[in-house]
Amino acid sequence: MSSGLKETCLQKLRGRSLFDQAVHALDENAHLGLIVSFRETPCLLVYGYAAAAVSLYIFWCIRRSVRNALTLSASASRPVNGTPKSDKPRQDACRQCVTDSQNRVIEFEGYKHSRLGRVVSMLVPMTTALITILFVIVVADYYWDCEWSWPDHLCFIGTFPIFGSFDANSYVFLILWCLGVTWFFFLIVNTGGQMVKQFGLRAPFRKAAVICVSVQERQETISSGYSRTLALRKKALGLVAKVFRGKDLPGGFLSLSGASSQTIPLKYDHTSKLWYVEFRCQRYVYDSDGDGFVQHDPSTSLRKGHAAFDTLLAEGGLRTKSPSPQGFKSVDEMYRSAGPNQIPFEVDSWSQALTEEFSTLFFLYQFSIYAVCVWFSYWHYTIIAMTIAIISGFFNTSVRLASQQSIKSMMEQQLTAHVLRDGQVVEIDANELVPGDIVKVQPGPVPCDLLLLRGAAVCDESTLTGESMPVQRLAPVEKLPDDPPGFRFAAKHSLVAGTSVLQVVDNETWALATHTGIHTQKGQLLLLILYPPKLVFKYDEQLSVVFFLLIIYAFALVVKLMRVMYVRYAVQQKLPLTATWASGVFTCSCVLPTMLHIVLSVGQVISAKRLKEKSCSIFCVVPKRIALAGKVRVACFDKTGTLTTSGLEFFGVHCVETEGSGGSPSPFSSKRLSASTTPKLEAEPRRSKWDLDILCGLASAHSLSPFSQSETGVVGNAVEVNMFKASRWSLASQSDVQCPADSAFPGHRLEIRKRFDFSHSTMTMSAVVKHHPSGEEGIYCKGSFEHILRKCRPDSVPENFIQVAEAHAFAGMYVLGLAARPLQAGESVQNRADAEKDLTLLGCLLFKNPPRPDTAETIECLRAGDVRSVMITGDAAGTAVSIAKEIKLAAPGLPVLLGDMESNANGHNVVCWRCVGEDLKGLNEILLGNEWLTWRKNYKQWRGGGAAGARGEATAKAAKRRAREAQAEISRRCSWPQLEEVQNAGEEAGDEDFVFSTEEIVLSRLFEWCELAVTQQAFEWLAAQQCSPDLRRVLLGSRLSSLKKGRVLGSGKGHTSLLWELLTSIRIFARMTPNGKISVVEGFMSQGLICAMVGDGGNDSGALRTAHVGMALSSATSATVVAPFTTCRPSVAPIADLLREGRGALATSFAGYKYCVHYGLLNSVLKFKTYWHGISQSMMAAYFQDMIGFLSLSWAMSLARPAPVLATSRPTSSLFSGFTVLSVVGMLGLNALFLEVNWSIITSDEEYVPFPVHKVRITQWWKLNTNWEVTTLFFTYTFQLFWSAVVYSFGDVFRLPWYTNLVLMALVAVNLGLLTFLMLSSPNWMTRLFKLVFEDVTDSDPWTPEEYCPAMPRSVRYHLLLVIMCNLTCTAFLEKVIIQGRVGDYMRVLGRALSKHVTLRL
């Protein structure tokens, strides 16, 4: 600009306002632009629009508040339909809360549109467009007509034709940026259902046009133990939510409300003439009587009882227009309330999905930083970063839409069904099915949930339960419960939507439709997939605390930096405030890395892909749970099909001995059934050649169905299949069993008249049969041998039967009892009670269920990895104990105390603990041991609290004192005068019963010397009993301190049941029902333990879904809805692979976290130093450090593979653990220290020339990089950045050694080699590209030939390199030796000794 033109500009500026002078007169490049006084017509138009918009919005808010208040007052005074609905009507007639099927609170609010509101809502797109246009104008003005020269001049600044100068442009941008961030923040927090609250009027539901539906999301916070950080965070958020009325905040805003909302139009169904809304695939119908929405319960009108269903079938099904005689609603009325038999799920559009993807506070933060970068000459860097962010968003959206499309295809069905209506069988579209319809079952897909009323069917349920084998479903022969929980009947009588019928018994197989649409089990499983509870791991919640602390640090740093720049440069160079503000924004972006949350999750995604590899074959649908697997403390296993092989081999029958019974022509006239002598068991079980009465029992006491596609020709329970296969008879039909012609009884046939299927309540099943050719009728009953005995005549049971059966069980056999009785002439059997009485015991059926070959090895691997393994099975306790010993689940050498219900002397049922078989010898040795006698002798001190106690052991000092006292006592009792006492104790312990009470095994600490096993009944009794203070004190002070528990147990608060206190000492849970298995898993989880459950997907499904880490062993890969993890490998070894991968993924995630935080903090130190001294790195240096360095190294670090074996510890899950903080802060301190050392080296060199920052405007940062200072900072910081990735990859406990990560090693080696080459090389094109001062700089502003920057001598560079090598060595020493080495191990052991622990035997 010429001096004359400049003087003219300054003269015009003298008459302007102070603001005009501030933004023009201080810039030496100022000239007259299109906007001079900011009173030009375009500016006035913008001012006018802003004033009009604000005024209109304020007027609308006032009017909306008044109208809403009037509406609420009018609605509150108006009764519903003239009469109050209840004594306590809703205070807000426009709002209603209901609870859905997943126990989530859903809130409905009615709104109607307003003309003024519609006009005001047009401000949203108009204001958004205006802000965008103004931003484009400001940026275009900034870069207009700028010069371009690669790579020295990358179009950094233009001529400002609109605003005339950088200062004016910068102030406009600052104002626009603040307004834009505020505006888009307003839009983000009002997305979803919140926008209608801004521009709509509240209205009662009967007048509403749209409904705003908000749901309080379920959140599961998973933490191993008590965390003070999480407790403080919870209190702080609760306080903030209380102050700002968090319940009224937009969905999920800052995690204060924890809710999400959606605006849904109120729809009208002309067929049913009902108003309704559909939210999350569920229909809520408007009830005019209650003036609110109700969720349809399809079972309400069906709760008539099982007999009514049979009557409905007999009388021709539902009526189309009128109610049926049994009281069932008509088809039309059921359709109005239930809706069509389909799941109303629609795939999001691309625009909606992209809006939800980018409408987050994270993207607002990210793009607000990018906006400043684009404006402040960093456009080339920002374009790359924005491209990565946008591509990532589009990729996430495409994956989400593809997942939705696959779910949509699962929900769609194009089926027809034959139903019985109005007495006729009609074919209808399956979408028209309603609850109560009588459906004819045919081979093919099942259209809805059905209850069999007639016949039987063979089904393939692999898609839902994971059971790869076909299963049998039978019509009930007994009366079912009238109102089962959730109106869900037993699985053996039900057909589930989404499964397939392979075969029906005959053409008269009928079923009742119980649930349709989203209410089916398939629909409920899909809901869990679409809207799962929010899973929050410990570090997820701590991460918000980390961000809060980083924000405080960034704010303090920005304030300090702006003050420093104002004092050092702004006053001297007459800089605008925007220059220091932009520098502060850049520093803030360094402190808060935008990639932190991605780095924490990328390792889990890579681990999920690695688990799918052939070596693991583990399929994961929730990658977030992989990190949970790294913290698993207890692993629960089902027995049959999991620890043991899936098939049961029939071993034989241990028969009741009766002479001469083999030649009987009929099974019910044998001497075994009519003998009057005292029965006794045969010497050995028979493997074959059974008598006719036994053989007929094997052939008929089952619930099998013929199935030609199976190898055995039948389908059903695996135990019954093997038993029936051993008989060699054939099942011609559901009721016809035939003997083969080549057997010992040719021509014999059994006709099954009636079956009573297996019941969990009675633990038995029975069949009424007729024998041909004799024509005699009788009953066979099979089931648990304990329950069979209760149904037999006492004189038919051998005296030693219980002992023999238990001996078989403890030998690893699966034992069932078999009994029978003949029917008298004219005797009728109507129910199970009539059939299962006065039976005669025939013997016990024996099945072998050998463990899998690698089960013992896996259990030992978990034990070595500090994971406690327990067994949860429905089998007999003896069988479970035997298998546990065989696979070494129970600690070798320790006897097993079995707790079961028995009657005490007072006649009360209590849990008694006893040993059986070989364990008696081991228990006797323990009772004779001096150490146990010490605890036994002093148990009264435990009652009175005179001993050191639990809390005394909380410190290492008290623990050592306790050990010395115990050792002295043991030595005293081993002396000669005490031998008599020991012998007397041995005689007392020699009692053959060895029966102990629960109080006795706890107070004497016998539970520490034995393994414990309980039955379902004992489990429930322990859960109902309160734990006394004496027992609690002993349990808290256990000598085997290897498990750290949460504050709840450590403080003696919370649960007080005996079970809760003793749970971690129980190894085996036997005779457990499916709900009992869930209770065990929930018990472990309630104690702060991360719990894994491994099962075969059958009756374990509930426990698999409940556990933190559930793994289903299923060959059906589509069975992933059963559990988060599924494997097709027939082995329990995958759980060890999963735990290894989980620990590796967790360690990798924390390594990435530390690297990200260290990168941000170190980068902030670098930025602060450069701004302090008025220098700046070159653009190529930023590319190299951020793109090639940070992004690529973060990805490479996540490729670390897990260690080949489980370590004896687990990685930390706390971001605030001492070693995590020390690793980050220590590394930062060392790097900052050596950065200062290198700075002092160059500044003390005699050839050093300080950078003349006073000669260049500080806002022109591209002119601030050709100097010694930047060259030194570049090499020191970049070496530190690359090497810290290697250092944080140290540790071969949970991962393979760092040098096995070839990608990371290649990146580090190439880049460190490149840096070394650049540092020691002569001037070349690469050094010039990075603006390294290795030659004299004479022609780069502000340097001149007279005042030039001399080349940095090679000797100085050698000194710098030597210091850098020392820096890298020190950081490696800190991480490898102090944090992860022996010093760190010693500190961990010491910290563990000073914390509270309780017993957990591995």
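What's counted below: heavy atoms across the whole structure, side chains too, no hydrogens, waters or symmetry copies.
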Can you tell me how far the [atom1] atom of [X] sits from the [atom2] atom of [Y], to the nearest 0.5 Å?
{"X": "Leu450", "Y": "Phe489", "atom1": "CG", "atom2": "CZ", "answer": "12.0 Å"}
{"X": "Ser494", "Y": "Leu452", "atom1": "OG", "atom2": "CG", "answer": "7.5 Å"}
{"X": "Asn722", "Y": "Ser727", "atom1": "CG", "atom2": "OG", "answer": "11.0 Å"}
{"X": "Ile1078", "Y": "Arg1105", "atom1": "CD1", "atom2": "CZ", "answer": "8.0 Å"}

Legend entry - Residue list, salt bridge (Lys or Arg N to Asp or Glu O under 4.0 Å) with Glu720, at least two apart or on another chain: Lys782

Tell me whether [X] contacts the main-chain N or O of [Y] through its side chain, where contact means a donor paired with an acceptor under 3.5 Å.
{"X": "His772", "Y": "Leu750", "result": "no"}
{"X": "Asp429", "Y": "Asn431", "result": "yes"}
{"X": "Gln503", "Y": "Pro706", "result": "yes"}
{"X": "Asn341", "Y": "Ala430", "result": "yes"}
{"X": "Gln96", "Y": "Phe293", "result": "yes"}

Inset, instruction - Can you label the angle between the His748 ring and the His771 ring as parallel, tilted or perpendicular, going by 30° and 60°? - result: tilted

Inset, instruction - Give the ring-plane orientation class for Tyr268 versus Trp275, where under 30° counts as parallel, over 60° as perpendicular and anything between as tilted. - result: tilted

Inset, instruction - Examine Phe108 together with Tyr284 and report whether their ring centres are nearer than 6.0 Å. - result: yes

Inset, instruction - Tell me whether the centres of the aromatic rings in Phe668 and Tyr780 are closer together than 6.0 Å. - result: yes

Inset, instruction - Indicate whether any N or O donor in one side chain lies under 3.5 Å from an N or O acceptor in the other, for Glu836 and Thr764. - result: yes

Inset, instruction - Name all pairs fulfilling the salt bridge (Lys or Arg N to Asp or Glu O under 4.0 Å) condition that reach into residues 746-771, sequence neighbours left out, sorted by first residue then second. - result: Asp736-Arg749, Glu751-Arg753, Arg753-Glu777

Inset, instruction - Quick one: list whatever passes side-chain hydrogen bond (donor to acceptor under 3.5 Å, both in side chains) with Asn1075, sequence neighbours left out. - result: none

